[in-house]
Number of protein chains: 2
Amino acid sequence: MVKIVSYKDLVDKLTDIFCEYGYDGTSLTILSQNTGLGRASLYYHFPGGKEEMANAVYEKITRDFTKLVLSPLATDHNFPTKIKNMLEGINLFYNNGQRSCLLDVFAIGSTKNIFNTQIKNAALYWKDSLVKIIKDEGIDNNRAILLSEEIIISIEGALVFARATGDFESFNRALENVLLTITKNILD
Amino acid sequence: MVKIVSYKDLVDKLTDIFCEYGYDGTSLTILSQNTGLGRASLYYHFPGGKEEMANAVYEKITRDFTKLVLSPLATDHNFPTKIKNMLEGINLFYNNGQRSCLLDVFAIGSTKNIFNTQIKNAALYWKDSLVKIIKDEGIDNNRAILLSEEIIISIEGALVFARATGDFESFNRALENVLLTITKNILD
DNA sequence: GGTGTATAATCGAACGATCGTTCTATTGGT
DNA sequence: ACCAATAGAACGATCGTTCGATTATACACC
């Protein structure tokens, strides 16, 4: 186990823990044991307790997602480069498909009603960003929407499939397939 | 609320409850309140307690999935009919995309280690069934595998996207798009 | 058709264990 | 000597489970 020496390390570790056990399945005992910190020490860093820890994790993954996946779409690079950078960001964000639970953790159980609006907005913002740059390539609005949804659906579906089967190679294949679909539908 | 008058009604209700709260998020208090049965009455029907209830739910959705999604692929109908029936089964099984959590409930938290092998086998069996009937249409093995994965990925991804955005129309669109992709890649 | 009885099905109260949280005290660095 | 950071013990609440007892249902017998 990686030794925790900073606040960032701690949030990273909390992310792993919530990802493994889910929010409701993560107890303070589990958090204490897996971080190596006493229960009271966790409350020193997060006075709001378990909920504040989940918030910190959620904010962290939101920052990561924005930086790795969304921001490449808002650059001045040409279209294929934007898409390629986004897909690389996806691969980093989801750790080659092995970190597929990031969304589910907050979309299931007690945290559902807290985060569903934010998840919804993030998904729609991702979609809108794709629609925008696809339309810039001369594709009409309706086709751009369908294509954007298809891209996101393929990525999210690949995550589910990889986790269900344990076949994480399929995730990389699926990402390549997304790139292929895009170039076939847009650049030709 | 639908009155519970049979064992089947009870398992249906349990499915809804676990789906809404997740396994770890579902307490006996919640189960008692939402079914209208006292805690001890639940233990009368399921002596194994919460875990046996989850097992009953899992067996039920496995039966439903086999009947609605897998069995259409094993009939003597022609290829397009098999696919069409499977997609209709998907729509029924997932209730137009609004019951998207069925897998996640058992893939997250305490139940993960209990059910992950069964989920894996189900996913691989689904994929193999698709590979088989696609190869029967004269497609070579590698392409059949990729196409089968693409079909499952699109369906699962559409579920995730629909739940995240709350846009359940997108689920029907995605299913139609799957049918389109198949006919384009195989029947032409 | 009424009646007695076995058993199916229900219930709330209470159990020990664990939950998230707080308290008080101690450590370690500057 | 100050304060950030640690820790374990203990709190009330809730967890999943069990208990004892009550009600509903069904079927045999008169």
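Below, read A as the first sequence line, B as the second, and so on, with proteins coming before strands; counting in each chain starts at 1. Bear in mind the structure is a predicted one, so any value in this text is a computation, not a measurement. All values below come from the heavy atoms of this structure, side chains included, with hydrogens, waters and symmetry mates left out.
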Can you measure B/L31 atom CG to C/dT10 atom P for me and round it to whole angstrom units? 15 Å

To the nearest Å, give me how far apart CD (B/E52) and P (D/dT18) are. 11 Å

Touch class at under 4.0 angstrom, heavy-atom based, for A/S110 against every strand present: nothing

Is the shortest side-chain heavy-atom distance between A/L159 and A/R163 below 4.5 Å? no

Length of the OH-P vector between B/Y43 and C/dG12, whole Å: 16 Å

Send over the distance from B/L42 CG to C/dA13 C1', rounded to a whole Å. 16 Å

Distance, rounded to the nearest Å, where B/Y44 contributes OH and D/dA24 contributes C1': 12 Å

Between atom CG in B/D24 and atom P in C/dT18, what is the gap in whole Å? 15 Å

Round to the nearest Å and state the distance from A/K50 atom NZ to C/dT21 atom C1'. 12 Å

Would one find a side-chain N or O of A/S41 under 4.0 angstrom from OP1 or OP2 of D/dA5? no

Taking atom types as they are modelled, is there a donor-acceptor pair under 3.5 Å from the base of D/dT17 to the side chain of B/R39? yes

Side-chain N or O of A/H45 less than 4.0 angstrom from OP1 or OP2 on D/dA4? no

Do NZ/NE/NH1/NH2 and the carboxylate oxygens of A/K135 and A/D140 come within less than 4.0 Å? no

Is any side-chain heavy atom of A/I114 closer than 4.5 Å to a side-chain heavy atom of A/Y58? no

Report the distance from atom CZ of A/F46 to atom P of D/dA4, rounded to the nearest whole Å. 17 Å

Please check the phosphate of C/dT18 (OP1 and OP2 only) for any side-chain N or O of A/S27 closer than 4.0 Å. no

Determine the interplanar angle of the A/H45 and A/Y7 rings, folded into 0 to 90°, and report it as parallel if under 30°, tilted if 30 to 60°, perpendicular if over 60°. tilted

Reading DNA chain C from 5' onward, which residue's closest nucleotide shows up sooner: A/T29 or A/A40? A/T29

Are any non-hydrogen side-chain atoms of B/P80 and B/T183 less than 4.5 angstrom apart? no

